[in-house]
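Please read these numbers as outputs of a predicted model, since none were measured by experiment. Per chain, numbering begins at 1; letters A, B, ... match sequence-line order.
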Amino acid sequence: MLKSFVHSLLKSAWQELDHSGSDEVIEIEVRRTDRPEFGDFASNIALTGASITGMPPRELAQQIINRLSRKGVKRIEVAGPGFINFFLADEVFHRALRGVLAAGERFGRSLHGAGKRVQVEFVSSNPTGPLTIGHGRQAVLGDVLASLYEAIGYQVSREYYFNDEGGQVDMLARSLWARYRQAWGEKESVPEQGYHGEYLVKIAHDLKASLQQPFPLFDSATAQLFKEEALSRMIASIKEDLALLNVRFDNWFSEATLHRSGEVKRTLELLDGKGAIYKKDGATWLAAEEYGGTKDAVLIRSNGRPTYLMVDIAYHINKWERKFDHVINVQGADHHAQQANMKAAMRMLGYPEDFLAYCLHQFVTIKAKEGVERMSTRAGKFIELRVMIEDLGKDVVRYFMVARKPESHLELDYALAKQETMDNPVYYIQYSHTRCASIFRKAGNRIPRQWDEVDLSLITQPVELDIICLLDRFPEVVEEAALTFAPHLIAEYALTLAGKFHRYYTDFRVLTAEQLLTQGRLALLRGVQCVLRQTLRLFKISAPEEM
RNA sequence: GCGCCCGUAGCUCAGCUGGAUAGAGCAGCGGUUUCCUAAACCGCAGGCCAGAGGUUCGAAUCCUCUCGGGCGUACCA
C-alpha cells in the first residue's frame, strides 16, 4: 500500500537520526493530503518530534529529509510549520494499481479476523407486527456490518432473536383471537393494550379458512393454538419483509428455548453464586450499579416471571458457549440503559470486556414536506418497511439506511427520495459501474489478456494517479468501517470514487488510437470497476452492466 | 433532576484518535453533446462549524459551562 510505503521511508530515516538525548518512541503518522500542492502524502513527524529532539520543527524536517531514501519519490518538501510533503513517482502508483488488479475480486478483503468467529445480532424485533422503517435501518446496518466483518476475514453468523414467550405474545394471541371472532361475524373486540393493526385482520381471515371452527372460548388450549398460529405467521411475514431487502439470517433464536432448557434458571443461580443479586419488595434484583450499570434492575418480578434483562443475560451466556470470539448487538438508542446493565452483568460473570459490543443507532424519522398533503397526513405515522421498499426499491432503501453514521438521526425526506430518483446517489454510483462495463463491451479484443503485465507507463495524468491513490485506500476503509461500526464510510467512499471516475470519463478517452495508452487506461478502468463492484457488493446493491 | 446521542451551507449530512485555505449531495442561478451511455460534466452563489470560556505552536475536532433537539431513567420488550 502507498501509505505504508511512505511510512517505511520515514521510519528508516528517523532511525538514522541520533536520538541520544531521548529514548521516547514516536508514533509516525502519515496521512493523505487533501490538496495537490501538499503532495500525495504528508507527515507531521517533525512537529511531534520537535519536543523530543529539542530541534525546531522545520530544521528537524530537513534533517529527516536528508536521510530519506529517494527511491520511488519524485519530490520531498518541508512545508508550513514543518510538515514533510511527499510527491511519489509514477512507478509507485503503477505498482499500486497492479496490486489492485492482481487481487481482483479479493481486493479490499483481509485476514484481520482470520480464524475468529463473530456473531451479529440484529433486528430481533418482536413478532407482534410488521417491520417498520426503523427496523429497516437496523436490518441493513446489521447486514452490512456483517458483510464488512466477513470482508476482513471473520467467520460471521447473522442472528435474529425473537420473543415467543411472555406477556406481549399472550396479548398478540388474544388480539388475533378477537379478530378471528370478528371474522366469524362476532362482536369480540381487541383488548385495549392489544395489537390493533390491520395485519391481524388479514391473518384472522386466512386462519378462518384453514381452521374452519369458531373457537367461541379463549381457553388455554385455544390460547396456545392462537399463539402458535400468530407467531408462525408473523415470523413468516417478517422473513418476507427481510427478503425484500435481501437480508437473510443464519440463525433464528427462540427465547422460549432458553426457558425450556433451564438456562434462565441456571443463569440466576450463577449470578446468585457471585453475590450479584438481592431480594427487595418481593422481586429479585441485579446489583448492576456496582458493576458500571446505570441502575439496579429487576431480574425476577414479584409475580415470579423473569424480566427481559434476566433472559437476555442467559441468552448471552448461551452465545458465549457457542464459542463466538465477539458478539455485536445492533440496537436502537432506546435500549441504551439496557445495554449498560447487560455489560455490567457480563462483567460480574467474568467475561472479557471485548466479548460483547453494541452498535447503537438513532432512529429514522420521516420528514414531511410542507404543503404536500399526502405527506402531512403520513407525518408521525408508522410507515411499514414493506411499503417503503415497494415505493423506493431495494437498492435505494439499502443505500439510504447506511449512508449516515449510526449514531446520527436519520431524517429521510420520503417524498424527495421517491420523486427524485434520477439525482439519487445510488444511481450515480451504479451508473459509474455501468460506464465501465460499457467501455469494456466496446473495447472488444483490445482488452488485455493478462492484467498484471499491462504497460502502465502512459498512465501519468494527475487524475489517473489520484484515482489509483483512492483505489489503494479501499482496504483501509473497509477495515475501519468494520471495526468502528461505520458502514457509512463505504457510502462516502463509493460516492467519491464514482465522482472522480465520472469526471475522468468526461475529460479523457479510454479507447484511443494509441494502443499503449488504451491498454493502460483499460487497466485503470478495470481497477475502478472492480472496487466499485466491491462497494456495491458490501451493500448488496446491484451492479448493473447496463442502465 | 441525572445519563447517553446529536447541533457544520437554504435542506439532508460527511469531516471529530487535534494539523496547513471547512467538504459532498440536493435545492438555486448560468453553461457543456462531431467523440467510449448527458442517469454525466463545468462554473457561480451559499459558513463567526449552536454560544461562551479553557488546553497549545495549531481546535469544527480535546476539556468545562450554557442553550437547543432526540432517547433513556418500567416489576415493557
Side chain His316(A), main chain Asp312(A), donor-acceptor under 3.5 Å = yes

Gap in Å between the two P atoms, one belonging to rG25(B) and one to rU61(B), rounded | 25 Å

Indicate, with a heavy-atom threshold strictly under 4.0 Å, whether Ile300(A) touches base, sugar-phosphate, or nothing.
-> nothing

Choose from rA77(B), rC36(B), rC75(B) the nucleotide whose nearest atom is closest to any side-chain atom of Gln168(A).
-> rA77(B)

Which of residues 356-363 of chain A have a heavy atom under 4.0 Å from RNA chain B?
-> Gln362(A), Phe363(A)

Check every atom of rC36(B), rU73(B), rC13(B) against the side chain of Lys295(A) and return the nucleotide holding the closest atom.
-> rU73(B)

Whenever both distances are under 3.5 Å in a Watson-Crick or G-U wobble pair, mark it; put RNA chain B into dot-bracket that way, with [ ] for crossing pairs and | when the partner is on another strand.
-> (((((((..((((.....[...)))).(((((.......))))).....(((((..]....))))))))))))....

Return the nearest nucleotide to the side chain of Gln338(A); candidates are rA77(B), rC41(B), rG70(B).
-> rA77(B)

If the P atom of rC63(B) is compared with that of rU17(B), how far apart are they to the nearest Å?
-> 10 Å

Counting only distance, no hydrogens or angles, is the base of rC75(B) paired donor-acceptor with the side chain of Ser302(A) under 3.5 Å?
-> yes

Which one, rA20(B), rC75(B), rG19(B), comes nearest to the side chain of Ala79(A)?
-> rA20(B)

Scan Asp281(A) against the nucleic acid and name what it touches under 4.0 Å (heavy atoms): base, sugar-phosphate only, or nothing.
-> base

Establish whether the base of rA20(B) is bridged to the side chain of Asn44(A) by a donor-acceptor pair shorter than 3.5 Å.
-> no

Select one nucleotide: of rA77(B), rU12(B), rC6(B), the one nearest the side-chain heavy atoms of Glu407(A).
-> rC6(B)

What integer number of Å spans the P atoms of rG18(B) and rC36(B)?
-> 49 Å

Near-parallel close stack of Phe83(A) and rA20(B) base (under 5.5 Å, under 30°) = yes

Between rC42(B), rA77(B), rC36(B), spot the one nearest the side chain of Arg503(A), thanks.
-> rC42(B)

Using a cut-off of less than 4.0 Å, is there contact between a side-chain N or O of Tyr504(A) and OP1 or OP2 of rA40(B)?
-> no

Could you list all N or O pairs between the protein and nucleotides 15-18 of chain B that sit under 3.5 Å apart?
from, atom 1, to, atom 2, distance (Å)
rG15(B), OP1, His488(A), NE2, 3.1
rG15(B), OP2, Lys405(A), NZ, 3.4
rC16(B), N4, Lys405(A), NZ, 2.7

Mind checking the P distance from rA45(B) to rC57(B)? Whole angstroms is fine.
-> 37 Å

Measure the acute angle between the ring planes of Tyr160(A) and Phe249(A), then classify it against the limits of 30° and 60° as parallel, tilted or perpendicular.
-> perpendicular

Considering only atom P, compute the distance from rG3(B) to rU64(B) and round it to an integer number of Å.
-> 11 Å

Are Asp466(A) and Lys500(A) close enough for a salt bridge, meaning some N to O gap below 4.0 Å?
-> yes

From Ile313(A) CD1 over to Asn318(A) CG, what is the distance, rounded to the nearest 0.5 angstrom?
-> 13.5 Å

Determine the interatomic distance between C1' on rG51(B) and the same-named atom on rG7(B); round to the nearest Å.
-> 11 Å

Do Lys319(A) and Glu121(A) pass the salt bridge (charged side-chain N to carboxylate O under 4.0 Å, His left out) test, and can you show the C-alpha distance, the side-chain angles, and the key distance before you say yes or no?
-> CA-CA 10 Å; Lys319(A) 290 186 183 192; Glu121(A) 183 214 324; 2.8 Å; yes

So do Ser43(A) and Val6(A) actually touch side chain to side chain, heavy atoms under 4.5 Å?
-> no

Who are the salt bridge (Lys or Arg N to Asp or Glu O under 4.0 Å) partners of Arg441(A), not counting sequence neighbours?
-> none

Using residues 133-142 of chain A as the side-chain source, report each donor-acceptor pair under 3.5 Å to any protein atom, sequence neighbours left out, with the distance given to one decimal.
from, atom 1, to, atom 2, distance (Å)
His135(A), ND1, Thr132(A), N, 2.9
His135(A), ND1, Thr132(A), OG1, 3.3
Arg137(A), NH1, Gln362(A), O, 2.8
Arg137(A), NH1, Ser408(A), O, 3.0
Arg137(A), NH2, Lys405(A), O, 3.1
Arg137(A), NH2, Ser408(A), O, 3.2
Gln138(A), OE1, Val123(A), N, 2.9
Gln138(A), NE2, His361(A), NE2, 2.8

Could you tell me whether Ala42(A) contacts a base, only the sugar-phosphate backbone, or nothing, with contacts defined as non-hydrogen atoms closer than 4.0 Å?
-> base

Among rA77(B), rC75(B), rA40(B), the one nearest any side-chain atom of Glu255(A) is rA77(B)

Between Ser408(A) and rA14(B), does any side-chain N or O lie under 4.0 Å from OP1 or OP2?
-> yes

Taking OP1 and OP2 of rC41(B), is either one under 4.0 Å from a side-chain nitrogen or oxygen of Tyr428(A)?
-> yes

Side-chain contact check for Pro81(A): nearest option of rA77(B), rG19(B), rA40(B) is rG19(B)

Which is true for Asp296(A) with a 4.0 Å heavy-atom rule: it touches a base, it touches only sugar-phosphate, or it touches nothing?
-> nothing

Determine whether more than 12 heavy atoms belonging to other residues, nucleotides or ligands lie under 6.0 Å from atom CZ of Arg305(A).
-> no

For the side chain of Asp334(A) and the base of rG72(B), is some donor closer than 3.5 Å to an acceptor across the two?
-> no

When you check the side-chain N and O atoms of Tyr195(A) and Gln168(A), is any donor under 3.5 Å from an acceptor?
-> yes

Could you tell me which residues satisfy side-chain contact (heavy atoms from CB on, under 4.5 Å) with Pro475(A), sequence neighbours excluded, listed by chain and number?
-> Phe107(A)

Testing rU21(B), rC75(B), rC36(B) for proximity to the side chain of Ala283(A), the answer is rC75(B)

C1' spacing across the pair rA59(B) / rG53(B), given as an integer number of angstrom | 13 Å

Whole-Å gap separating P (rG25(B)) and NE2 (His502(A)) | 11 Å

Counting any heavy atom closer than 4.0 Å, what does Gln193(A) reach on the DNA or RNA strands: base, sugar-phosphate only, or nothing?
-> nothing

Could you verify whether a donor N or O on one side chain and an acceptor N or O on the other, from Gln430(A) and Ser542(A), lie under 3.5 Å apart?
-> yes

So, for Phe253(A) and Phe162(A), is the gap between ring centers shorter than 6.0 Å?
-> no

For His409(A), answer base if it contacts any base atom (sugar-phosphate contacts may also be present), sugar-phosphate if it contacts only those atoms, and nothing otherwise; contact means non-hydrogen atoms under 4.0 Å.
-> base

Given the rule in the salt bridge (charged side-chain N to carboxylate O under 4.0 Å, His left out) test, do Glu289(A) and Lys295(A) qualify, once you have shown the distances and angles that lead to the verdict?
-> CA-CA 5 Å; Glu289(A) 212 172 329; Lys295(A) 223 176 183 181; over 6 Å; no

Parallel, tilted or perpendicular, as decided by the 30° and 60° cut-offs, for the rings of Tyr278(A) and Trp285(A) | parallel

N/O (side chain, Arg435(A)) to phosphate O (OP1/OP2, rA38(B)) under 4.0 Å = yes

Output yes if the stacking criterion (under 5.5 Å between centres, under 30° between planes) is met for Phe38(A) over the base of rA20(B), else no.
-> yes

Please work out if Glu546(A) contacts a base, only the sugar-phosphate, or nothing of the nucleic acid, heavy-atom cut-off 4.0 Å.
-> base

Base, sugar-phosphate alone, or nothing: which one does Thr496(A) contact when heavy atoms must sit under 4.0 Å apart?
-> nothing

Counting side-chain heavy atoms from C-beta on, which of rC6(B), rA40(B), rG23(B) comes nearest to Arg35(A)?
-> rG23(B)

